Amino acid sequence: MAFDYDLFVIGGGSGGVRAARLASSEAGAKVALAEEFRMGGTCVIRGCVPKKLMVFASSYREMTVDAAAYGWDINIGDFNWPTFKGKLDLELDRLENAYRNTLARAGVEVFNERATIDDAHTIKLASGKTVTAKHILIATGGYPVKPDVPGADLAITSNEIFNLKELPKSVLIVGGGFIACEFACILNGLGVKVTQFYRGEQILRGFDLEATSMISDEMVKQGIKLRLDDNAASLEQTDGGILVTDTQGGTETYDQVMFATGRTPNTNGLGLEALGLELGRGGAIPVDKFSQTKVPSIFAVGDVTNRINLTPVAIREGAAFVETIFHGRPTSFDHDQVPSAVFTQPELGTVGMSEEEAAASEAIEVYSAAFKPMQSSFAGRDSKVLMKLVVSKATQRVLGCHIVADQAGEMIQLAGIAVKMGATKAQFDATCAVHPTMAEELVTMKTPVRTT
Ligand SMILES: Cc1cc2nc3c(=O)[nH]c(=O)nc-3n(C[C@H](O)[C@H](O)[C@H](O)COP(=O)(O)OP(=O)(O)OC[C@H]3O[C@@H](n4cnc5c(N)ncnc54)[C@H](O)[C@@H]3O)c2cc1C
């Protein structure tokens with residue numbers, strides 16, 4: 001049977017764009033892609049990129065305080081959100097255009113509309129047009145969900161935070177995951193009065209507990225009102241703002257409430273159930289290691305599969321799909337030891353197992369150094385950093401590396417190479433220190449602080 005396309009990609013985000021470009025420009029396939037919102041997807045339009053620019057914007061206040069302590073005659077005024085927002089919008093337009101140009105140069109045909117699946121080889125576009133493809137790649141990502149509490153529609157999510165007309169004076173952030181914590185730090189840095197509720201015992205669940213405890217301490221020191229074991233029970237609009245009643249019975253009014261309480265795969269109404277595809281938890285598309293679904297012509301990559309929801313993972317999954325299907329080289333992305341960063345202030349850089357995870361599976365040695373770093377200590381700032389290695393007692397292999405410090409994301413990218421290569425503690429130790437740095441601790445910690 002002749003198809004209109006070799007590949008039809010649904011979703012112009014990190015995974016979809018990479019797969020479409022490679023299949024077309026490197027494998028010579030006839031490719032089309034449908035995007036219902038803006039090209040670039042979550043990462044470019046309402047995720048990593050605008051968020052990181054906000055992280056940069058928010059870090060200048062503390063920098064100027066430190067600069068003054070170092071002898072600079074410097075004063076910082078208020079943050080001007082409209083100025084930043086204007087520049088941010090232009091930057092996102094520029095990036096979206098770059099994505100569109102890349103696809104055009106690669107010869108990918110783009111449909112600026114929603115697409116759904118009619119059958120194993122047929123795609124229906126919102127305009128009513130129907131097209132066929134030998135392979136269909138679903139890369140529709142995810143979307144933020146709000147809890148089912150009275151008044152929830154008064155709150156915003158990370159989707160809306162980038163489009164605020166003005167910055168609120170006070171905000172309640174509900175949630176304890178990386179998005180909640182990052183925005184608590186960002187808004188605090190921009191001068192907003194931040195309260196954060198998290199229903200659990202410690203923020204950033206699943207990450208190394210020593211690291212997350214240090215981050216929560218630092219966030220509190222910086223003025224964030226962090227309330228653990230608490231949650232929003234109801235929201236009500238009043239003349240003074242949004243009145244929030246919490247699960248402990250307290251009430252407080254905020255200018256803005258942001259729910260960062262989780263994301264769910266974007267599979268609603270895609271037509272998958274009619275194909276006999278049973279969806280997994282929260283609507284995720286179950287796939288095998290080659291990102292293939294139970295319907296052989298349909299594949300899925302990125303957040304919609306809810307494996308590891310990060311941009312570089314979606315990109316690698318998309319590239320592996322193209323290798324497998326269009327180059328005939330079966331390739332699967334290795335989801336083990338993926339390094340990642342949480343852009344709180346200070347940042348968390350992490351790769352491999354947390355101490356808790358490793359200790360549950362084998363005997364370990366923990367090497368950890370928490371200290372006041374030279375730069376902020378000189379400025380008189382009371383902040384700490386953490387360098388930590390979790391090591392297998394039996395093999396001496398470094399199972400996990402966790403860094404809490406400014407620029408920890410940059411550091412973990414490099415430490416991640418060693419950990420991924422299976423480096424042992426002795427190999428870390430054999431690497432000469434770079435002095436004076438914070439990261440030199442990673443190669444100079446001689447004695448374990450704990451063994452299990
Ligand atoms: C606030 C925030 C911050 C983040 N920060 C980071 C970070 O610092 N580092 C990191 O690695 N990751 C980060 N992420 C996660 C990262 O953005 C995602 O993992 C990544 O974008 C997933 O890519 P994807 O291709 O799976 O989906 P997406 O990038 O979400 O793209 C999916 C696209 O599909 C489109 N679409 C959906 N349904 C249809 C349809 N039926 N028809 C046509 N188009 C459709 C959507 O409009 C969207 O453009 C962040 C996410 C958020 C929300």
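Both ligands and their constituent atoms are indexed starting at 1 by order of listing. Fair warning: this is a prediction, and the values are worked out from it, not measured in the lab.
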Region of [X] engaging ligand 1 - heavy atom pairs below 4.0 Å:
X: Asp303; result: both
X: Val313; result: neither
X: Ala139; result: backbone
X: Thr42; result: both

Does at least one non-hydrogen atom of [X] fall below 4.0 angstrom from an atom of ligand 1?
X: Arg263; value: yes
X: Glu182; value: no
X: Ile10; value: yes

Looking at [atom], what's its closest protein heavy atom, distance included?
atom: atom 35 (C) of ligand 1; result: Glu35 OE1, 3.2 Å
atom: atom 8 (O) of ligand 1; result: Lys51 NZ, 2.6 Å
atom: atom 6 (C) of ligand 1; result: Cys48 SG, 3.2 Å
atom: atom 20 (C) of ligand 1; result: Thr311 OG1, 3.5 Å
atom: atom 42 (N) of ligand 1; result: Ala115 N, 3.0 Å
atom: atom 45 (C) of ligand 1; result: Glu36 CG, 3.6 Å
atom: atom 2 (C) of ligand 1; result: Gly47 CA, 3.5 Å

Atom indices of ligand 1 within 4.0 angstrom of [X] heavy atoms, with elements:
X: Ala34; answer: 43 (C), 44 (N)
X: Glu113; answer: 43 (C)
X: Gly302; answer: 26 (O)
X: Leu310; answer: 10 (C), 11 (O), 12 (N), 19 (O)
X: Phe343; answer: 8 (O)
X: Pro312; answer: 11 (O)

Is there a donor-acceptor pair closer than 3.5 Å between any side-chain N or O of Glu218 and the backbone N or O of Lys384?
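A pair under 3.5 Å: yes.
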Whether Asp288 side chain and Gln292 backbone form a donor-acceptor pair below 3.5 Å:
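Present.
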If the plane angle is over 60° it's perpendicular, under 30° parallel, otherwise tilted; pick one for Phe84 and Trp81.
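The arrangement is tilted - the two ring planes meet at 30° to 60°.
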Decide whether a cation-pi geometry holds between Lys146 and Phe259; the criteria are a distance under 6.0 Å from NZ or CZ to the six-membered ring centre and an angle within 45° of the ring axis.
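No - Lys146 does not lie over the ring of Phe259 by the 6.0 Å and 45° rule.
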Side chains of Glu252 and Thr195, donor plus acceptor under 3.5 Å:
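Short answer, no.
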Taking C-beta and beyond as the side chain, do Val313 and Val338 meet within less than 4.5 Å on heavy atoms?
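Side-chain contact under 4.5 Å: yes.
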